[in-house]
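Naming: A, B, ... by sequence-line order, numbering from 1 per chain.
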Amino acid sequence: MSLNFYSGDKMNFPEYNAQEIEKKWQKHWEKEKTFACSAFRGKKYYILEMFPYTSGSIHIGHVRNYSIGDVVAHYKRMKGFNVLHPIGFDAFGLPAENAAIDKGTHPKDWTYTNIKNLRRQLKRLGFSYDWDREVITCDKDYYRWNQWFFIKFYQKGLVYQKKAPANWCPTCRTILANEQVIEGNCYRCGSPVVQKNLKQWFFKITNYADELLEEIEKMDWPAAVKKMQINWIGKSKGMQINFEMVDSKDKIAVYTTRPDTVFGATYLVLSPFHSLSEKIMEDDPSLKPEVEMMRKEQLIKGEVEKEGIFTGLWAVNPANREKIPIWIANYVLMEYGTGAIMAVPAHDVRDFEFAVKYNLPIRVVVSPPEAGSKVDSLKEAYTGEGKMVNSGQFNGIPSQQAREKMSEWMVLEGIGTPQVHYKLRDWCISRQRYWGTPIPIIYCDNCGVVSVPEKDLPVELPSDVRITGKGGSPLEKVRSFVECTCPRCGKKAMRETDTMDTFVDSSWYFLRYASKGNNLPFDIDRIDYWMPVDQYIGGIEHAILHLLYSRFFTKALRDINLLKINEPFTRLLTQGMVIKDGAKMSKSKGNVVDPEDIIKEYGADTLRGFILFAAPPEIDLDWKKEGLEGVNRFLKRVWRLVIANGKSWKDKLEYIYEEEGKNEKENELKIMVNKTIEKVSQDIEQRFRFNTALASLMEFVNYLYLYPEKKSPVFGESLQVLLLLLYPFTPHIAQELAERIGCKKDLCNCRWPEYKRSLLKSKKITLIVQINGKLRDRLTVFSKIKKEDIEREVLKREKVKKHIQGKNIKKMIYVPEKLINIVVD
RNA sequence: GCCGGAGUGGCGGAACUGGUAGACGCGCUGGACUCAAAAUCCAGUGAGGCUUGCCUCGUGAGGGUUCAAAUCCCUCCUCCGGCACCA
């Protein structure tokens, strides 16, 4: 049979040798700088993947991230865009210091050795980066701009220093930002975080809380990420209500989102850190041990048994003038609201729990719609809506309305004021570690806190440092670093020894890629051209941290007139994890697959192809060796098909777009080609579904294998289309085969094939015949057939007659070119 | 507890706006080639039934809307992710 055109090594065709051809093209791309983009003209497209942290080597997760980005980069280039596709290294951070402690290597040496390896691995994977734009965040050429931004922000009032309880990780021995504490544990090492009172530097991200919130809602980002950021910013609207104290002219301000329940407030609770708690302890020292205990409990994150103590003091409920007790309890946080609450046990689960424990009165003020609730019938707090009861002049009003009416009333009475609160806190950037950007601040006995003048930047990180993992910040012990002169008065002074959070580095690296400025962090014109990033791709673990900080940075830079945009990343794709044996790949589970091993065995194209094919990008991907072999088999099939049948390469395709082919078969092939182009283009561009794009390419190849006339010019062009469509996914094999059939160009400089609309559908179609919605028959008809003709035709069919025999036809529903449904009794 | 997302063959996953459920791949079965195997090529493959061509069932469970539901609505179950004394 003619189908068996190539079997095994009997015929003299060259084998598919992935190692050889991949290395050949990687060398070519490097030498020719094929993917560099020097111009900043024309339609731009900025595709960015999150840069890797400089630990030992590239893992499968990186390969997934970068393979997805590379498809888009190639596709957009072939579509005629001026594509920016850069890469670099996130090089500051704690692991470098830990390696220094464990192995005695200098963080710098460790980092640069790793970078060399990572670079080699990325090149071996054949990603189409513009390597000339590489950014390494631990280069002083880079981090000097962190310092420069710090000073600019400082001048603008976006940086401040304060002594406050901060999240301290005892293992990493440094302060962490709120965003870096996950369920009370350190995001990096998992140790329980404790609160420590230290002087810290903060970026005023809260200035942008409203803008960050408003814009996120409009963005083309995954819903999950948007929701996480919205929750993190945590805007709530409520009221501040002032409670007068009995026997004192002091007032206690509380914040509540349920002003409608004010008549149900039966006691007040202060945080143990509240200033009044402090005062009460001084007045009545017998309370001190209890309050100190509660303070300690609060310093450990996580929920503890609710405890409290009556202060002996009383306040007046401003709504009903009732005398209510003032308590101090461990469940009220100082950081949120005013640090004090009005407790409404009937309608708040926490207050309810506390009131039951300490036998405090519980008064229902919102009656649930279904029940006439009495105090003793309440087994849990009712937090829903209902009609007001026990609330004076507001009785009978629905609680939603009461919320507004009572707010207005309280404003009039001077009891309260409407207020908005956010959960978002300012970004603490001080880290008591060595391997990071030195904070450009000098402490002078004369002048106080002085920022380093711009001309003295960068404040270089000294290299002669001993990292022991003990004591305070390593920089504190470097005398030559600490001791300096005050830039203002010239007297002896001391440097700040904390370094910046490494998330500062990653908050603007995408700007540095787009242009490296000389006297500025970047060239303004180039930035205007390239920004914002059109498509950003990375892991969902950065949903809050990096993605929120970068948004803040963009807005802050806009406000110091360096940027014109409001948001850095137009579209975002968060890819899923790679799973093996039901668990995330990790060293501790021993289920790690090393990409290099896979490349050695199958080649980079197979690895990339498999990762793209196995699942849609946002879903977790199940690693299966058999699946990898399937993709390798497919590539070998492509290889044999093209080697055996490839004709001379043409710069312009013509036959496949001609309306009339030589015969039916040829028309069908043209339709197949056009449909495949349409499918692959849409899957890449509109849906990011690389798995279905590759599936349709596989279908296409299967079809071509069975096509009888492999010598026809239409078939030759079909092979050429196949290679062009395949190129973004598996560039090496596509480029090699193209060259072998006479292509002189880099495929990235070839135009992506267009499809012709008139050739997407055959003239004859298979119509589904249903009776009462059940498939009963198929009918081959001309696609333009009229409804009446079909109805007549379909009733003649034997299968149809059989099913409608003796039954009444109620109606017929015709969906053009799809189906006809006959409805019978 | 609150907020997201998802449940489809032996497995990974298709089915985009309601219109042939299971594309494509893996695995499995049969055939061709071979002394044989591997590789390759071709064909089959949701379950059950029998008269082998068709019938019945089938997208986590139950109900509903519709000529027609994996897809829309309601109730419930399970899994994954995020947040969590945030007043």
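- Looking at heavy-atom distances under 4.0 Å, A/Gln686 makes no contact with the nucleic acid at all.
- Residue-level contact check: A/Asn702 touches the backbone only, with heavy atoms under 4.0 Å from sugar-phosphate atoms and none from bases.
- The side chain of A/Ile619 lies closest to B/G13, out of B/G13, B/A14, B/G19.
- Residue side chain A/Arg637 does not reach the base of B/U40 through any donor-acceptor N/O pair under 3.5 Å, judged by distance alone.
- Using a 4.0 Å heavy-atom criterion, one finds that A/Lys679 contacts the bases of the nucleic acid, with or without backbone contacts as well.
- Annotation: of the two residues near RNA chain B, A/Thr257 and A/Ala615, the 5′-most nearest-nucleotide partner is A/Ala615.
- Comparing A/Ser236 and A/Met577, the nucleotide of RNA chain B nearest to each residue sits closer to the 5' end for A/Met577.
- Listed nucleotides B/U20, B/C42, B/C24 differ in distance to A/Ala695; the shortest reach to its side chain belongs to B/C24.
- Within the 4.0 Å cut-off from OP1 or OP2 of B/A68, not a single side-chain nitrogen or oxygen of A/Lys811 is found.
- An OP1 or OP2 oxygen of B/C85 is reached within less than 4.0 angstrom by no side-chain nitrogen or oxygen of A/Tyr336.
- Regarding A/Ile771, its CD1 atom lies at a distance of 14 Å from the C1' atom of B/C54, rounded to whole Å.
- Across all strands shown, B/U78 forms a Watson-Crick or G-U wobble pair with B/A6, both key distances being under 3.5 Å.
- Atom OH of A/Tyr331 and atom P of B/C85 are 14 Å apart (whole Å).
- Applying the 4.0 Å criterion to OP1 and OP2 of B/A68, one finds that A/Arg776 has every side-chain N and O outside that range.
- Atom C1' of nucleotide B/A14 and atom CG of A/Leu694 are separated by 14 Å, given to the nearest angstrom.
- A donor-acceptor distance shorter than 3.5 angstrom exists from the side chain of A/Arg363 to the backbone of A/Phe263, with no hydrogens or angles considered.
- Annotated as syn: B/G9, whose glycosidic dihedral is within 90° of 0.
- Of the candidate nucleotides B/U20, B/A87, B/G4, B/G4 has the atom lying nearest to any side-chain atom of A/Ala224.
- Counting any heavy atom pair closer than 4.0 Å across all strands shown, A/Ala223 reaches no nucleic acid atom.
- B/A15 makes up no base pair with any nucleotide shown, lacking Watson-Crick or G-U wobble contacts both under 3.5 Å.
- A close approach under 4.0 Å does not occur between any side-chain nitrogen or oxygen of A/Lys624 and OP1 or OP2 of B/G12.
- B/C41: Watson-Crick or G-U partner is B/G31, with both key distances under 3.5 Å.
- A/Leu548 places its CG atom 13 Å from the P atom of B/C83, with the value rounded to the nearest Å.
- With hydrogens and angles ignored, the 3.5 Å screen pairs a side-chain donor or acceptor of A/Asp620 with a backbone N or O of A/Met577.
- Across B/C67, B/G82, B/A15, the shortest atom-to-atom separation from the side chain of A/Met228 is found for B/G82.
- Contact annotation: the side chain of A/Arg776 never approaches that of A/Ile822 to less than 4.5 Å [non-hydrogen atoms, C-beta and beyond].
- For A/Asn231, the listed nucleotide lying nearest its side chain is B/C3; candidates were B/C3, B/G19, B/U56.
- Counting heavy-atom neighbours within 6.0 Å of A/Glu668 CD, excluding the residue itself, gives a total above 12.
- Of the side-chain N and O atoms in A/Tyr255, none sit less than 4.0 angstrom from OP1 or OP2 of B/A87.
- Backbone-only contact: A/Lys818 has heavy atoms under 4.0 Å from sugar-phosphate atoms and none from a base.
- Nucleotide B/C83 is matched to B/G1 when pairs are restricted to Watson-Crick or G-U wobble geometry with both distances under 3.5 angstrom.
- Comparing B/C26, B/C24, B/G12 by their closest approach to the side chain of A/Asp622 singles out B/G12.
- Other residues, nucleotides and ligands place no more than 12 heavy atoms under 6.0 Å from the NZ atom of A/Lys237.
- By the 6.0 Å contact criterion, NZ on A/Lys235 is enclosed, its count of non-hydrogen atoms from other residues, nucleotides or ligands being greater than 12.
- Between the CD1 atom of A/Ile768 and the P atom of B/G18 there is a distance of 19 Å, given to the nearest Å.
- Side-chain atoms of A/Trp232 lie closest to B/C83 of the nucleotides B/U20, B/C83, B/A87.
- Contacts of A/Gly234 with the nucleic acid, taken as non-hydrogen atoms under 4.0 Å apart, are absent.
- Heavy atoms of A/Lys810 sit nowhere under 4.0 angstrom from any nucleic acid atom.
- The side chain of A/Asn691 contributes an N or O atom lying less than 4.0 Å from OP1 or OP2 of B/A14.
- When both pairing distances are held under 3.5 Å, B/A36 makes no Watson-Crick or G-U pair with any nucleotide shown.
- Among B/C24, B/G19, B/U56, the nucleotide with an atom closest to any side-chain atom of A/Asn821 is B/G19.
- Across all strands, A/Arg689 comes closer than 4.0 Å only to sugar-phosphate atoms, never to a base (heavy-atom distances).
- The pairing partner recorded for B/A70 is none, the criterion being a Watson-Crick or G-U wobble arrangement whose two distances lie under 3.5 angstrom.
- Side chain A/Lys799 to base B/C54: no donor-acceptor pair is found below 3.5 Å.
- A/His803 comes within 4.0 angstrom of sugar-phosphate atoms only, judged by non-hydrogen atoms across all strands, and of no base.
- In this structure, the side chain of A/Gln240 does not engage the main chain of A/Tyr255 through any donor-acceptor pair within 3.5 Å.
- Nucleotide B/A47 forms a Watson-Crick or G-U wobble pair with B/U56, both donor-acceptor distances falling under 3.5 Å.
- The nucleotide whose nearest atom lies closest to any side-chain atom of A/Val815 is, among B/G13, B/G19, B/C24, B/G19.
- Here A/Arg633 reaches the OP1 or OP2 of B/G27: one of its side-chain N or O atoms lies under 4.0 Å away.
- The distance from atom CD of A/Glu307 to atom CD1 of A/Ile328, rounded to the nearest 0.5 Å, is 13.5 Å.
- Aromatic ring orientation, A/Phe354 versus A/Tyr358: tilted (interplanar angle from 30° to 60°).
- Taking every side-chain heavy atom of A/Lys802 into account, B/C54 is the closest of B/C16, B/C54, B/G82.
- Under 4.0 angstrom from either OP1 or OP2 of B/C41 there lies at least one side-chain N or O belonging to A/Arg640.
- Here the P atom of nucleotide B/A87 and the CZ atom of A/Phe243 are 17 Å apart, to the nearest Å.
- Among the heavy atoms of the strands lying under 4.0 Å from A/Val332 is at least one base atom, whether or not backbone atoms are also near.
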